[in-house]
Participant: 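There's a structure below that I have some questions on.
Residues: numbered from 1 along the sequence shown.
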Amino acid sequence: MDEFYRTLGTLETREDALDEVSAARIAARMDAARRKTPGLKRRRLVVLIAAAALVLTACTAAVAHYTDWFSYLRPYGSEKNTEAMFGDMGMVIGETVTDGETGVSVTLDGCLYDGRRLALALTVEGGAAAGNLDGRTYTYTVANNTGQYLLSLTRRETIEAIAAEAGGDILQDEEEQARWMYSEPVNTIYLRTDEARPEVLHLEIVTDLQIIQADDEVLLHLEDLTHQDEVIAPGAWEFTFTLPPRTMGRYYQGETAVDTPEGAVTVYAAAVEPSYVSIDCDGPYRENAWFLTIERVRLTDGTIVPIHDSQVRAMTGEEGVMRVTEIQGSYQDWQFVSPADVEALCLGEDSWIALSELEAVDPPTEGE
């Protein structure tokens, strides 16, 4: 990673330096966020780079070094397509923040974002317990923990404006109740030590965004990172960045039928994105039995990739009969798969939809 950042420093980027007014505005907003956000210990945060936030829309893409960042995200399919996908999704950040009390530094190396799923890569230096992980990768959950979260500063400003127009202060009077409207928890963090530098710990955060959207200014807050009830990185750190719009998938339309044990399903459209797949269809519906879920996809090299969290939408059709109209799902284990490698989707146990039977079309425009 050191060689990577030395190389990065020699590259030209299209991002203009922040002027004094912008820098002051961002610093003020970060200070306001620290005052308003529950659970944040008021430690002095030392920013080790000039800008307190990076707007990533025009940032240099991360192509050749994503494997250095994300060891947990194993690539499926062809190396060429995977590198192209990560290059389009990748955003170099390289922002370092040090906790003023503990001296532990955290660098937000960069992220991957496809419009739905966000993966963040971070490096921790100075955490006393990093060596106790024995070079292995661990998973730990921080559900219901206010110490780690992503917060949409854009959404919060909107809520503040609405509350002000209504004559109240929702963030002051009902902070706990209102917080779900603009923030998302960090549910899982993957940990990895550095064999060459045992004092360094690498973190990978992967989550599907429900509240935060493209163009939102996002605040990432981390504090007192813990594994198995042991604090492995004491301190508090915050980073701000803006997620750019992303349209990363392959889209298909037409009409093809697939037989299932419950009857024929007619498929009219399919969307295959790096973290997500869906179809528009007309199929039989059976109450309390989601038999028509997308269970897996097949790649051009024959690899089978599992789907989880598949969901079905049904509507009342002719003669008052319920019909399945949409099926969607995300890749298991927070993975990304290049849409260029996906050749077929599987409904249920073994009912395959070949994408070649549909016509490739342009991505949908906003609002479609």
Participant: Between L203 and V106, is the side chain to side chain contact (heavy atoms under 4.5 Å, CB included) condition met? List the steps.
Facilitator: CA-CA 10 Å; L203 308 181; V106 176; 5.5 Å; no
Participant: Would you check if there is a donor-acceptor pair between the side chains of R192 and S71 at a distance under 3.5 Å?
Facilitator: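 There is such a pair between these side chains.
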Participant: Side chains of D114 and S275: is there a donor and an acceptor less than 3.5 Å apart?
Facilitator: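 Yes.
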Participant: Where is the tightest heavy-atom contact between S78 and D341, given as atom of each residue plus distance?
Facilitator: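 That would be N-OD2, 3.1 Å.
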Participant: Verify the cluster assignment for Y268 and Y285: are they in a single hydrophobic cluster under the rule of side-chain heavy atoms below 4.5 Å apart?
Facilitator: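 No; Y285 is not reachable from Y268 via cluster members.
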Participant: Assess whether atom CD of Q253 is packed by more than 12 heavy atoms of other residues, nucleotides or ligands within 6.0 Å.
Facilitator: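 Counting neighbours around CD of Q253, 12 or fewer heavy atoms of other residues, nucleotides or ligands fall under 6.0 Å, so no.
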Participant: Any side-chain donor-acceptor pair under 3.5 Å between T303 and D301?
Facilitator: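 Side-chain D/A pair, T303 to D301: present.
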Participant: For side chain to side chain contact (heavy atoms under 4.5 Å, CB included), just list the numbers for D362 and Y251, CA-CA rounded to whole Å, side-chain angles, deciding distance to a tenth of an Å, and then say yes or no.
Facilitator: CA-CA 7 Å; D362 293 332; Y251 305 90; over 6 Å; no
Participant: Should M322 and L347 be counted in the same cluster of Ile, Leu, Val, Met, Phe, Trp and Tyr side chains packed under 4.5 Å apart?
Facilitator: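 In one cluster: yes.
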Participant: Which pair of non-hydrogen atoms, one from T154 and one from D215, has the smallest distance, and what is that distance?
Facilitator: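 That would be OG1-O, 4.2 Å.
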Participant: Walk me through whether I279 and I353 qualify under side chain to side chain contact (heavy atoms under 4.5 Å, CB included).
Facilitator: CA-CA 10 Å; I279 61 170; I353 303 165; 3.9 Å; yes
Participant: Taking V305 as the starting point, is it possible to reach V342 by hopping between hydrophobic residues whose side chains are less than 4.5 Å apart?
Facilitator: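 Yes.
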Participant: Do R296 and W352 touch side chain to side chain, with heavy atoms closer than 4.5 Å?
Facilitator: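 Result yes, sub-4.5 Å side-chain heavy-atom pair found.
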Participant: Would you find a donor on one side and an acceptor on the other, under 3.5 Å apart, between the side chain of D224 and the backbone of G235?
Facilitator: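 Present.
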Participant: Are there more than 12 heavy atoms of other residues, nucleotides or ligands under 6.0 Å from atom CZ of R250?
Facilitator: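 No, because the 6.0 Å sphere around CZ of R250 holds 12 heavy atoms or fewer from other groups.
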Participant: Determine whether R117 and Y331 make a side-chain contact, defined as any pair of heavy atoms from C-beta on separated by less than 4.5 Å.
Facilitator: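 They are in contact (side-chain heavy atoms under 4.5 Å apart), so the answer is yes.
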Participant: Distance from S330 atom OG to R116 atom CZ, nearest 0.5 Å?
Facilitator: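 One gets 8.0 Å once the value is rounded to the nearest 0.5 Å.
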Participant: Atom SG of C111 and atom CZ of F239: how far apart are they, to the nearest 0.5 Å?
Facilitator: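 Reported value, rounded in 0.5 Å steps: 12.5 Å.
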Participant: Any non-hydrogen side-chain atom of E184 less than 4.5 Å from a side-chain atom of Q210?
Facilitator: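 They are in side-chain contact.
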Participant: Output yes when a side-chain donor or acceptor of T260 lies under 3.5 Å from a complementary backbone atom of L292, and no otherwise.
Facilitator: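 Pair absent, no side-chain N/O of T260 close to backbone of L292.
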Participant: Drop me the distance from D208's CG to L118's CG, to the nearest 0.5 angstrom.
Facilitator: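 One gets 9.5 Å once the value is rounded to the nearest 0.5 Å.
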Participant: Flag the pair E125 / V104 as yes when at least one side-chain heavy-atom distance between them is below 4.5 Å, and no otherwise.
Facilitator: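 They are not in contact (no side-chain heavy atoms under 4.5 Å apart), so the answer is no.
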Participant: Keeping the roles fixed (side chain from S310, backbone from E295), state whether a donor-acceptor pair exists under 3.5 Å.
Facilitator: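 Flag not set: sc S310 to bb E295 has no pair under 3.5 Å.
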Participant: Is there a donor-acceptor contact under 3.5 Å linking the side chains of T107 and T96?
Facilitator: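 Checked: T107/T96 side chains pair up, N/O donor to acceptor below 3.5 Å.
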Participant: Would you check if the side chain of D333 reaches a backbone N or O of Q335 as a donor-acceptor pair within less than 3.5 Å?
Facilitator: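 The answer is no, because no donor-acceptor pair under 3.5 Å joins these two groups.
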Participant: With distance as the sole criterion, is a donor-acceptor pair present between the side chains of H221 and E223 under 3.5 Å?
Facilitator: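 E223 and H221 do have a side-chain donor-acceptor pair below 3.5 Å.
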Participant: For the pair D282 and R323, find out whether any cationic side-chain nitrogen is under 4.0 Å from an anionic carboxylate oxygen.
Facilitator: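 Result for this pair is yes, salt bridge flagged.
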Participant: Determine yes or no for a side-chain-to-main-chain donor-acceptor pair under 3.5 angstrom, with S152 supplying the side chain and I212 the backbone.
Facilitator: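 Such a contact is absent between S152 side chain and I212 backbone.
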Participant: Would L73 and F336 satisfy side chain to side chain contact (heavy atoms under 4.5 Å, CB included), going step by step from the backbone distance to the final call?
Facilitator: CA-CA 7 Å; L73 297 178; F336 294 101; 3.8 Å; yes
Participant: Do P274 and M89 have side chains that approach each other closer than 4.5 Å (heavy atoms only, starting at C-beta)?
Facilitator: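 Yes. Closest side-chain heavy atoms under 4.5 Å.
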Participant: Does a side chain donor of either Q328 or Y276 reach within less than 3.5 Å of an acceptor in the other side chain?
Facilitator: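 The criterion, which ignores hydrogens and geometry beyond distance, is satisfied for Y276 and Q328.
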Participant: Specify the closest pair of heavy atoms between Y113 and L209, including all atoms of both residues, with the distance to one decimal.
Facilitator: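 Shortest heavy-atom contact: CE1-CD1, 3.8 Å.
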Participant: Answer whether the closest heavy-atom distance between the side chains of L120 and W69 falls below 4.5 Å.
Facilitator: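 Answer no - side chains too far apart.
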Participant: What residue among V124, D99, T98 forms side-chain contact (heavy atoms from CB on, under 4.5 Å) with W237?
Facilitator: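 Going through V124, D99, T98 one by one, the side-chain contact (heavy atoms from CB on, under 4.5 Å) with W237 is satisfied by D99 alone.
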Participant: For a 4.5 angstrom cut-off between non-hydrogen side-chain atoms, does M248 reach P363?
Facilitator: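 In short, these two side chains do not touch, never coming nearer than 4.5 Å.
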Participant: Give the minimum heavy-atom separation between V277 and L345, together with the two atoms involved.
Facilitator: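 For V277 and L345, the tightest heavy-atom pair comes out as CG1-CD2, 4.4 Å.
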Participant: For the backbone of D88 and the side chain of R246, can you confirm whether one donor and one acceptor N or O come within less than 3.5 Å of each other?
Facilitator: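 Confirmed, R246 side chain pairs with D88 backbone.
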Participant: Would you confirm whether E326, through its side chain, and A314, through its main-chain N or O, come within 3.5 Å as a donor-acceptor pair?
Facilitator: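 Judged by distance alone, no pair lies under 3.5 Å.
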Participant: Would you compute the distance between atom CD of E349 and atom OG1 of T293 and round it to the nearest 0.5 angstrom?
Facilitator: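 E349 atom CD to T293 atom OG1 measures 8.5 Å (nearest 0.5 Å).
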Participant: Rounded to the nearest 0.5 Å, what separates atom OG in S183 from atom CZ in R156?
Facilitator: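 Reported value, rounded in 0.5 Å steps: 10.0 Å.
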Participant: Please name the pair of heavy atoms, one in P284 and one in V324, separated by the smallest distance, quoted to 0.1 Å.
Facilitator: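 Scanning both residues completely, I find the closest heavy atoms to be O-CG2, 3.4 Å.
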Participant: With side chains defined as the heavy atoms from C-beta onward, is the minimum distance between L243 and V218 less than 4.5 Å?
Facilitator: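 In short, these two side chains touch, coming nearer than 4.5 Å.
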Participant: I need the minimum non-hydrogen distance between P261 and S351, along with the two atoms involved.
Facilitator: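 Closest approach of P261 to S351: CD-OG, 4.1 Å.
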Participant: Rounded to the nearest 0.5 Å, how far does CG of L219 lie from OH of Y182?
Facilitator: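 Between Y182 OH and L219 CG, I get 10.5 Å after rounding to 0.5 Å.
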